[in-house]
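The structure appears below as structure tokens.
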Amino acid sequence: NAGVTQTPKFQVLKTGQSMTLQCAQDMNHNSMYWYRQDPGMGLRLIYYSASEGTTDKGEVPNGYNVSRLNKREFSLRLESAAPSQTSVYFCASSFRGWNTEAFFGQGTRLTVV
Amino acid sequence: EDQVTQSPEALRLQEGESSSLNCSYTVSGLRGLFWYRQDPGKGPEFLFTLYSAGEEKEKERLKATLTKKESFLHITAPKPEDSATYLCAVQAEDDKIIFGKGTRLHILP
């Protein structure tokens, strides 16, 4: 019973490089989310997908793009990484919207140098 | 402006010493308040959802309560394994989710 799986767990990028963070859930959830967590700050929503085929911006979308590849997978892309994007990224999913219990992945620790 | 404030930022307790964590909020139209537990290096783990003032939920040594302005997470006779960061989040009427910064709880054996 894997739940929400994120890859990779750790990544170091140079400024200007691009990369994609992968997220997959096996709980048949409709809604998926990408958050970032920085020291001294609460979790902040980057993008979310209420259902397959839809994506919407969250609180801090600049510098990111997302793809809801299918019901299971929701990827986050950094086109040109910046040091300000150094953070821990969490993917989460819920059956339908936040009112249904949300499950988080283990996180991806990204450092941009 | 919608916001969520958790206090204290950090709390150290002896094993068995009960206490409460606070989550105060100002949002336009509360749709739900959520408590999560986060262990170091892990993602948050869902604990409770509260929807209306007066509602209470319990799980083992944890009890969450809700008023119109704040929520409390009461920890009764805590054990070292209860050590974690506890996160509070609220859902506003526009469905926006706002997380607090968390309370780091450390239970000493």
Side-chain angles (χ1 to χ4, degrees), chain A residues 1-10 21 23-25 27 29-51 54 56-61 74 87-110, chain B residues 1-10 21-27 29-52 55 57 59 62 64 66 71 73 84-104:
Chain A
N1 188 8
V4 178
T5 302
Q6 290 182 234
T7 54
K9 288 185 170 50
F10 300 93
L21 281 64
C23 175
Q25 51 89 11
M27 296 172 284
H29 284 171
N30 294 287
S31 303
M32 297 186 74
Y33 314 84
W34 275 106
Y35 281 89
R36 61 178 289 173
Q37 187 173 43
D38 300 292
M41 304 190 72
L43 283 157
R44 292 182 293 169
L45 183 65
I46 305 171
Y47 271 93
Y48 67 99
S49 172
S51 60
T54 69
D56 286 286
K57 295 179 180 179
E59 182 184 353
V60 288
F74 188 39
S87 187
V88 180
Y89 292 85
F90 288 101
C91 177
S93 72
S94 64
F95 179 70
R96 195 180 305 279
W98 201 261
N99 275 349
T100 56
E101 180 179 340
F103 293 79
F104 283 80
Q106 294 289 293
T108 295
R109 186 173 295 274
L110 175 68
Chain B
E1 180 186 351
D2 296 337
Q3 65 180 22
V4 176
T5 303
Q6 291 189 245
S7 62
E9 289 185 14
L21 313 182
N22 177 262
C23 172
S24 63
Y25 61 90
T26 52
V27 293
L30 179 73
R31 294 196 59 191
L33 184 141
F34 314 91
W35 282 99
Y36 285 82
R37 169 193 171 124
Q38 186 174 24
D39 293 300
K42 301 282 183 69
E45 177 185 344
F46 174 82
L47 292 174
F48 305 108
T49 304
L50 302 167
Y51 293 104
S52 57
E55 190 174 359
K57 290 196 175 169
K59 180 180 180 179
L62 299 176
L66 181 64
S71 175
L73 185 65
T85 296
Y86 291 85
L87 304 175
C88 170
V90 300
Q91 184 178 27
E93 62 185 1
D94 61 359
D95 284 342
K96 185 170 65 174
I97 303 293
I98 306 151
F99 274 85
K101 296 179 182 180
T103 293
R104 295 189 311 279

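Only a predicted model underlies this, so the values are computations on that prediction, with no experimental measurement involved. Quick note on labels: first sequence line is chain A, next is B, and so on, each numbered from 1.
- Going from atom OG1 of B:T85 over to atom CD of A:Q37 covers 8.0 Å, rounded to the nearest 0.5 Å.
- Neither the backbone nor the side chain of A:Y48 has a heavy atom closer than 4.5 Å to any heavy atom of chain B.
- Pairs of residues two or more places apart, or lying in two chains, that qualify as salt bridge (charged side-chain N to carboxylate O under 4.0 Å, His left out) and include a residue from residues 84-95 of chain B are B:R31-B:D95.
- The number of heavy atoms from other shown groups lying within 6.0 Å of CZ (A:R44) is above 12.
- Counting heavy-atom pairs closer than 4.5 Å to chain A, the top residue among B:Q91, B:K96, B:E9 is B:Q91.
- Of the two parts of B:L87, only the side chain, counted from C-beta on, holds a non-hydrogen atom closer than 4.5 Å to a non-hydrogen atom of chain A.
- Here A:W34 pairs with nothing under the side chain to side chain donor-acceptor pair (under 3.5 Å) rule; sequence neighbours left out.
- Using non-hydrogen atoms only and a strict 4.5 Å limit, the part of residues 41-52 of chain B facing chain A consists of B:G41, B:K42, B:G43, B:P44, B:F46, B:Y51.
- A:S87 meets the side chain to side chain donor-acceptor pair (under 3.5 Å) test with A:D38; sequence neighbours excluded.
- Annotation: B:K57, atom NZ; neighbour count of heavy atoms from other residues, nucleotides and ligands within 6.0 Å is above 12.
- By the 4.5 Å heavy-atom criterion applied to side chains, B:I97 and A:L45 are not counted as neighbours.
- Counting heavy atoms from C-beta on, the side chains of B:F99 and A:E59 never come closer than 4.5 Å.
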